[in-house]
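Below: the structure, in structure tokens.
Keep in mind that what you see is a predicted model, and the values were worked out from it rather than measured. All chains are named by letter (A, B, ...) in the order of the sequence lines, taking the proteins before the strands, and each is independently numbered beginning at 1.
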Amino acid sequence: MVIRLYNSLSRSLEELRPLRPGKVTMYHCGPTVYSSPHIGNFRSFLFADVLRRFLEDQGLVVTQVMNVTDVGHLTLDDIEGGEDKLEAASKQTGKTAWEIARQYEAEFHDCQRQLHVRLPHHMPRATDFIHQMGEIIDDLLQKGVAYERNGNVYFEVAKFPAYGQLSGKVLDELEAGARVAVNEEKKDPRDFALWKVDSKHQMQWDAPWAGGARGFPGWHIECSAMATHYLGDQIDIHTGGEDNIFPHHECEIAQTEAHTGRRFVSIWMHARHLLVDGTKMSKSLGNFFTVADVLRQGYSGLELRYALVRVQYRQSLNFTLKGLDEARSAIARVQQARQRLVRVRDGLDLPGVDDLDAAVQQANAAFTAAMSEDLNVSEALAAVFEFVNQCNRGAPSIAAAKAGLVVFARFEDVLGCFGSEPKADTTADAPPELLALLAQRTAAKKAKDWAAADALRDRIAAAGWRIVDAPGGARLEKA
RNA sequence: GGUCCCGUAGCCAAGUGGUUAGGCAACGGAUUGCAAAUCCGUCUACCCCAGUUCGAUUCUGGGCGGGACCUCCA
């Protein structure tokens, strides 16, 4: 199956042709660990996760690298002598920048776990790569595409003609941009920092090249260092949020390609920002959600994952609490269909004669086709639910149940938002007191004391379980 | 101001130059003691105006509306 992905650089769908057949290298711009991860962050990271899962589903061997930015990116204020994100958080909390970084890095990993993210193979910290950044900076200085002013080192954009290709920024207009603070040190306003000197900065290192001043790395160099370190000079796919296109990825291309002399990335992929209640998520509008916020409201990681993954990554998904409720219902529908198959397979329910062959084939083919076309998850989900309906309406044989469960396992393997295969019967997992109530209800039903039976059912429901009445008897499911 | 994306039934959201996407919700029926789950059915839409075409939701142009980026941001 040909996999086509949208390349931001060419602004078109391109067939994925790995540099080394059968293997795909991916680099993802990861979190800046100065605050709690929010749902927008994870829209982007879950997109990367689904991409990786689908490529593996297609038999490709994937190597994933995601950086942890613990140096902090400079804020706008920094241009005028302010501080970076980590430094700012440090001042507010009284903790050191290092403590802040480690705290939020741990929280990020926790979110990854809760959202069922398959962990990237490498998650390097920027602060562990100061030396490698220095080597690149030194090389760029040697090559004459970077220059030093008062210890600060800048990349000279004029020396890299392709600058602006990714973002489509017209250079002349950039120069006149109103939000660009004047920096007399730069030869050109577009030049960007590779190394900065600021004696007040908490995180500082001796310059890792001869003759350099003590300071800290600039905005973009970490990704070049870590990507090339783990994956080589050329990588297949590089992802990030759409905001990364400019300036971050534009600068990354410039400095990396100037350094290696080779094309850095084959396919650039960018996730569209999500909207919350139809508008941009922001703290001032009060529609800002961290991952923890959502989980605290009683939604599961799977439900949040479903809500963030169900729309194709290049569409501006509209996140709502109602959407989470919909996710809950949708997941339940899938899991109920799976459980039905499990019960047939395990001999708890009578098998039928339907073989499901056509449905299995159709579901797999439609799912693959949808995902192959730039990860069209919405369309892939339609294939999933079409299959749910096929399973539910028929009377699957034992062989069909087995085959159907393989299909569902595959869907779960790629999307990861349904959960593991349901147990055939969860009654035994319920607390003993609920089992006692269930027994009482069964007795009440036998005595045709409907009022008592219904009252008992209500009590069980209040405890978070629901009764499933079936021909073989009633059982309990976690609601 | 520059660049770009989008506007699909109650809500979310695919897709197509002419054949019911899907999910959630709602309603009717089957099933059930009543429910839950499930099945069947109903609600069947493409912002507006021109143009191209035998035919446009789908292509072109204009308008209106929403959103994004333009050195904090996934």
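Look at U38(B): its Watson-Crick or wobble partner, with both distances under 3.5 angstrom, is A30(B). Both distances falling under 3.5 Å, in either a Watson-Crick or a G-U wobble arrangement, occur for no nucleotide opposite A25(B). Base pairing of A45(B) is not made with any nucleotide, judged by Watson-Crick or G-U wobble geometry with both donor-acceptor distances under 3.5 Å. Base pairing of A68(B): its partner is U3(B), meeting the Watson-Crick or G-U wobble criterion (both donor-acceptor distances under 3.5 Å).
Using a 30° and 60° split on the angle between ring planes, Phe387(A) and Phe408(A) fall in the tilted class, from 30° to 60°.
Residue-level contact check: Arg272(A) touches the bases, meaning some heavy atom is under 4.0 Å from a base atom. At a threshold of 4.0 angstrom between heavy atoms, the contacts of His270(A) with the nucleic acid are absent. Across all strands, Arg338(A) comes closer than 4.0 Å to no nucleic acid atom at all (heavy-atom distances). Counting non-hydrogen atoms under 4.0 angstrom, Gly323(A) reaches nothing in the nucleic acid. The residue Lys448(A) sits apart from the nucleic acid: no heavy atom pair falls under 4.0 Å. Residue Ala271(A) is out of contact with every strand shown, counting any heavy-atom pair closer than 4.0 Å. If you check every strand for non-hydrogen atoms under 4.0 Å, Glu250(A) touches nothing.
Side-chain contact annotation: Glu477(A) with Gln339(A), donor-acceptor N/O pair under 3.5 Å present. Under 3.5 Å, the side chains of Asn318(A) and Thr320(A) contain no donor-acceptor pair of N or O atoms.
Relative to the side chain of Lys322(A), the nucleotides A74(B), G10(B), G23(B) differ in distance, and G10(B) lies closest. Of the candidate nucleotides C73(B), C70(B), A14(B), A14(B) has the atom nearest to the side chain of Ser378(A). Considering only the side chain of Arg466(A), A37(B) comes nearest among G33(B), C6(B), A37(B).
Rounded to whole Å, the distance from NE2 on His273(A) to C1' on G66(B) is 17 Å. Remark: P of A74(B) and CD of Glu242(A) are 12 Å apart, rounded to the nearest angstrom. Look at CZ on Arg333(A): it is 15 Å from P on A36(B), rounded to the nearest Å. As a whole-Å value, the separation of Ile467(A) CD1 from U38(B) P is 17 Å. Here the P atom of nucleotide C6(B) and the CG atom of Leu274(A) are 18 Å apart, to the nearest Å. Rounded to whole Å, the distance from CD on Gln336(A) to P on C24(B) is 11 Å. The CD-P distance, from Glu379(A) to G23(B), rounds to 14 Å in whole Å. Rounded to an integer number of Å, the gap from CD1 of Ile245(A) to P of G2(B) is 20 Å.
Comparing the P positions of U20(B) and C11(B) gives a spacing of 23 Å, expressed to the nearest Å. Using atom C1' as the reference point in both G18(B) and C59(B), the two lie 15 Å apart (nearest Å). Distance check on atom P: C48(B) versus C64(B) gives 16 Å, rounded to whole Å. Atom name P, nucleotides U58(B) and G2(B): the rounded distance is 27 Å, in whole Å. Nucleotides A25(B) and G51(B) have their C1' atoms positioned 40 Å apart, rounded to a whole Å. G66(B) and U60(B) have their P atoms separated by 24 Å, with the value rounded to a whole Å. Rounded to whole Å, the C1' atom of U57(B) lies 14 Å from the corresponding atom of A21(B). The same atom, C1', is picked in G22(B) and in G15(B); the two are 11 Å apart, to the nearest Å.
Nearer the 5' end of RNA chain B, as judged by each residue's closest nucleotide, is the contact made by Ala453(A), out of Ala453(A) and Phe45(A). Ranked by how close their nearest RNA chain B nucleotide is to the 5' end, Asp454(A) and Asn318(A) are led by Asn318(A).
Put simply, Asn392(A) has a side-chain N or O that comes within less than 4.0 Å of OP1 or OP2 on C39(B). In this structure, Ser329(A) reaches the A25(B) phosphate: one of its side-chain N or O atoms is under 4.0 Å from OP1 or OP2. When the side-chain nitrogen and oxygen atoms of Arg393(A) are compared with OP1 and OP2 of U38(B), none of them lie within a distance under 4.0 Å. Considering only side-chain N and O atoms, Lys280(A) lies under 4.0 angstrom from the phosphate OP1 or OP2 of C69(B). For A13(B), neither phosphate oxygen OP1 nor OP2 lies less than 4.0 angstrom from any side-chain nitrogen or oxygen of Arg310(A). Taking side-chain N and O atoms only, Asn376(A) has a distance below 4.0 Å to OP1 or OP2 of G15(B). Proximity of Asn389(A) to the phosphate of C39(B): a side-chain N or O atom is located under 4.0 Å from OP1 or OP2.
His116(A) and Arg53(A) make their closest contact through O-NH2, 2.8 Å (heavy atoms, listed as atom of the first residue, atom of the second, distance).
The aromatic ring of Trp450(A) stacks onto the base of G33(B), its centre lying under 5.5 Å from the centre of the six-membered base ring with the two planes under 30° apart.
Salt bridge annotation for Lys186(A)-Asp191(A): absent, with no cationic side-chain nitrogen under 4.0 angstrom from a carboxylate oxygen. Between Arg190(A) and Asp188(A) a salt bridge is recorded (basic side-chain N to carboxylate O distance below 4.0 Å). Salt-bridge check for Asp325(A) with Arg328(A): failed, with every basic side-chain N at 4.0 Å or more from each acidic carboxylate O.
Below the 3.5 angstrom threshold, one finds a donor paired with an acceptor across the side chain of Arg457(A) and the base of A35(B). Remark: the Glu326(A) side chain and the G23(B) base include a donor-acceptor N/O pair separated by less than 3.5 Å.
Other residues, nucleotides and ligands place no more than 12 heavy atoms under 6.0 Å from the NZ atom of Lys446(A).
Atom CZ in Phe367(A) sits 14.5 Å away from atom CD in Glu386(A) (nearest 0.5 Å).
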